[in-house]
Every structure is written in C-alpha cells, then in structure tokens.
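We name chains A, B, ... by the order of the sequence lines, and we start the count at 1 in each one.
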2 protein chains.
Amino acid sequence: MHDDLRPLCERFLTAAELLGRRWTGIILRILLDGPCRFGELTERIGGISERVLSERLKELEAEGVIERHVDPGPPIRSEYRLTEKGQAFWKVFHELGQWAEQWADVKPAPKPDVKPAAKPASRDAKSARAAPRKRKTA
Amino acid sequence: MHDDLRPLCERFLTAAELLGRRWTGIILRILLDGPCRFGELTERIGGISERVLSERLKELEAEGVIERHVDPGPPIRSEYRLTEKGQAFWKVFHELGQWAEQWADVKPAPKPDVKPAAKPASRDAKSARAAPRKRKTA
DNA sequence: CAAGTAACTTCCTAAAAGTAAGTAGATGCC
DNA sequence: GGCATCTACTTACTTTTAGGAAGTTACTTG
C-alpha cells in the first residue's frame with residue numbers, strides 16, 4: 001500500500017504520545033511561527049487553562065522540544081521557543097496542515113452513502129453495538 | 001523561518017484535536033498497515049483498554065476516518081480499515097516517523113549544557129518556578 | 001504605597017482513561 | 001444438551017488528567 005512506514009517502534013510511540021497529549025500539537029504549531037510568551041500562548045491557543053499550559057510547557061521543555069528563555073529587560077518577560085528538535089516537527093505539521101485543508105471537517109468523503117448531516121449515531125449507538133452478530137445462522 | 005504553514009485555522013485545529021486524543025495516532029498508524037480486527041488492535045497497540053479502544057474507534061468512524069466491516073463468514077469477524085480520508089494521513093505519519101527516527105528519545109539535543117542524565121528537575125521544579133524574576137533590579 | 005501586570009501555582013471540581021467483570025451470539029468438546 | 005471458549009463490545013467503578021478560579025511573586029506605574 002505504502003511501504004516506508006513500517007517501524008511501529010518505540011521511537012514512534014514516543015512521538016505519538018507526545019502529539020497524543022492534548023494541546024501539544026497546537027502549542028508546537030504556534031511556536032513554529034516563532035517564540036511566544038506565556039500569556040500570548042494562552043491567548044493564541046484559546047481554551048486552554050493556564051494550569052495545563054504550564055504543565056505542557058514543562059513537559060515539552062523536559063523532552064527537549066522547547067526552551068524557556070527569560071529576558072530580564074526591565075519589563076522582564078519569559079518566552080518559549082522551539083529547540084532544533086522542536087523545529088524538526090515542521091514537516092509533520094506541514095503535512096498535517098495539508099491533510100486538514102483537504103479533509104478536515106468537510107464532508108466525510110467524496111462518496112458518502114450515509115447522510116453527512118448528523119455526525120453522531122453512526123449506527124444507533126446504543127442498540128446495534130453490543131449485539132452486532134444478528135445472524136440467526138439460517 | 002518556514003512560511004507555508006501559517007493557517008492556524010479551524011481545520012487545522014480539528015486535525016490537531018484528532019491526533020491530540022490519546023491513542024488515535026497509534027490506531028491510525030496500525031491501520032495504515034492494513035485492516036485490523038478489534039482484538040488484534042488491542043494486542044498490537046498494547047496498553048490500551050478495550051473500553052477506550054471501542055470509544056476511539058467509534059469516534060474515528062464518526063469522523064469518517066475509519067470504517068467498520070462485519071464479515072459474517074461463520075467465524076464472524078469485524079474489521080476496521082481506513083477510509084480515503086484516513087489513508088490521507090499517510091504522509092503525516094511518514095513525517096512523524098522520520099522525526100521519531102532522528103529525534104525521539106535519543107539525547108535531547110546536539111548541544112546540551114545541562115547534563116542529559118535526569119530528565120525532570122529542569123530547573124528545581126519546586127523552588128525557582130513560582131518566583132523566576134530573581135533580579136534585584138540593581 | 002495601592003493597583004496593575006506577567007507568569008505561574010494551588011485548590012477544588014469535572015471529564016477522560018484505566019481496570020475488571022459482564023453480555024451476546026456462535027462454535028467446539030464430551 | 002450443556003459447558004467452556006472465542007470475539008467484540010459494554011457497564012460499573014476507580015484513578016488520572018483537565019478545567020476554572022483565585023492566590024502568589026516580582027516588579028512597574030500612578
């Protein structure tokens with residue numbers, strides 16, 4: 001099908017877990033546009049709590065993906081920026097952006113046979129799931 | 001810096017949220033290797049609970065990224081496979097794999113001035129964080 | 001010196017994820 | 001025929017993680 005992405009190895013799992021934590025993707029995406037301060041990140045992300053932002057930033061720093069710089073110019077500000085390791089995510093986000101442009105949120109697929117009106121209840125949700133083996137064998 | 005990924009738009013957020021849920025990345029990555037049944041997924045993912053796997057699969061199905069097929073050949077099995085929308089994630093995972101190969105889990109960066117032995121405590125953790133503005137002005 | 005700001009942290013509640021056991025249909029074994 | 005087994009989930013309950021709001025520290029400004 002597409003044969004150059006086989007290794008479901010530990011490294012990949014690490015990467016997937018990193019991106020699999022809520023907000024990390026958006027944080028990295030914003031930092032790819034350039035360094036950003038705490039408050040600025042809070043605003044630009046929109047919806048994240050300061051508690052969690054602080055947590056995520058510390059995690060990302062511990063993982064060596066971002067760095068924290070304190071600029072002591074009298075107004076004193078701290079800012080977060082990507083390390084080389086973080087910058088290397090660029091391509092991932094580029095491809096994710098491409099995917100998003102083509103597929104995100106628009107109608108499920110070019111050949112939808114289910115009506116794309118209501119997203120949930122893709123199969124009764126309640127009834128047909130626990131007992132899907134309806135076949136009475138004949 | 002790299003200028004073709006500006007739109008931090010809604011579509012991108014959708015995509016980031018999709019990948020930002022725990023396990024979705026790994027699930028999609030496995031399905032990129034081909035269709036898979038429930039139990040098989042449980043095993044190959046390793047560590048996910050059936051409750052959450054079931055939940056994730058339903059979410060992904062509702063988002064049109066995967067499809068569920070029930071094969072009623074007497075041993076009866078259901079299998080999950082990517083839709084076209086899901087297949088389109090291939091490039092994202094390819095890049096993520098590349099990143100992982102080069103950066104994941106190996107030493108933080110080519111220029112570490114902090115000893116790379118212990119990951120946590122990147123700055124005392126407790127003491128220096130709440131009061132980072134140490135400058136006595138003069 | 002009171003008020004304001006930036007960057008966090010602490011506390012307390014709400015929403016996910018983990019654990020384990022249960023359900024439902026179809027066999028297989030004796 | 002009855003019981004154990006398998007697959008694919010669901011339900012009930014606990015733990016972890018996220019959210020909301022207010023507090024803290026070091027300054028700056030009026």
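- Across C:dA7, C:dA16, C:dG18, the shortest atom-to-atom separation from the side chain of A:S78 is found for C:dA7.
- Computed from coordinates, the A:L41 CG to C:dC8 P distance equals 10 Å when rounded to whole Å.
- At a threshold of 4.0 Å, the pair A:E101-B:R11 does not count as salt-bridged, since none of the basic side-chain nitrogens sits closer than that to a carboxylate oxygen.
- The distance from atom CG of B:L57 to atom P of D:dT7 is 16 Å, rounded to the nearest whole Å.
- B:W23 has no side-chain polar atom (N or O) that falls below the 4.0 Å cut-off from OP1 or OP2 of C:dA16.
- Put simply, CD on A:E43 is 10 Å from P on C:dA7, counting in whole angstrom units.
- Under 4.0 Å is where a charged nitrogen must lie from a carboxylate oxygen, and between B:R56 and B:E59 at least one such pair does.
- Protein atom CZ of B:R37 is 13 Å distant from nucleotide atom P of D:dC6, rounded to whole Å.
- Between C:dC8 and A:R68, a contact under 4.0 Å exists linking OP1 or OP2 to a side-chain N or O.
- Using a 4.0 Å cut-off between charged side-chain N and carboxylate O, A:E61 and A:K85 make no salt bridge.
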Anything under 3.5 Å between a protein N or O and an N or O of nucleotides 12-14 of chain C, put it in a table, one pair a line.
none

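- Listed pair B:K58 / D:dT10 meets the phosphate criterion, a side-chain N or O lying under 4.0 Å from OP1 or OP2.
- Rounded to a whole Å, the CZ atom of A:R21 is 14 Å from the P atom of D:dG19.
- Side-chain nitrogen and oxygen atoms of A:S54 include none within less than 4.0 Å of the OP1 or OP2 phosphate oxygen of C:dC8.
- Each of D:dG19, C:dA17, C:dC8 was ranked by its minimum atom distance to the side chain of A:V52; first place goes to D:dG19.
- Salt bridge A:R22/A:E17: absent, no basic N to carboxylate O contact under 4.0 Å.
- Look at CD1 on B:I66: it is 13 Å from P on D:dA8, rounded to the nearest Å.
- Put simply, CD on B:E50 is 15 Å from C1' on D:dA12, counting in whole angstrom units.
- A residue-by-residue look at A:R22 and A:F38 shows that A:F38 has its nearest nucleotide of DNA chain C further toward the 5' end.
- Here the CZ atom belonging to A:F93 is positioned 9.0 Å from the CD1 atom belonging to A:I26, to the nearest 0.5 angstrom.
- Distance from the side chain of B:S49 is smallest to C:dG18 among D:dA8, C:dA16, C:dG18.
- When heavy atoms are screened at a 4.0 angstrom cut-off, B:R56 is found touching the sugar-phosphate backbone but no base atom.
- Atom OH of B:Y80 is separated from atom P of D:dT7 by 14 Å (rounded to the nearest Å).
- Heavy-atom contacts from other residues, nucleotides or ligands closer than 6.0 Å to CD of A:E40 number more than 12.
- Comment: B:K91 does not engage B:E95 in a salt bridge, judged by the lack of any side-chain N to carboxylate O separation of less than 4.0 angstrom.
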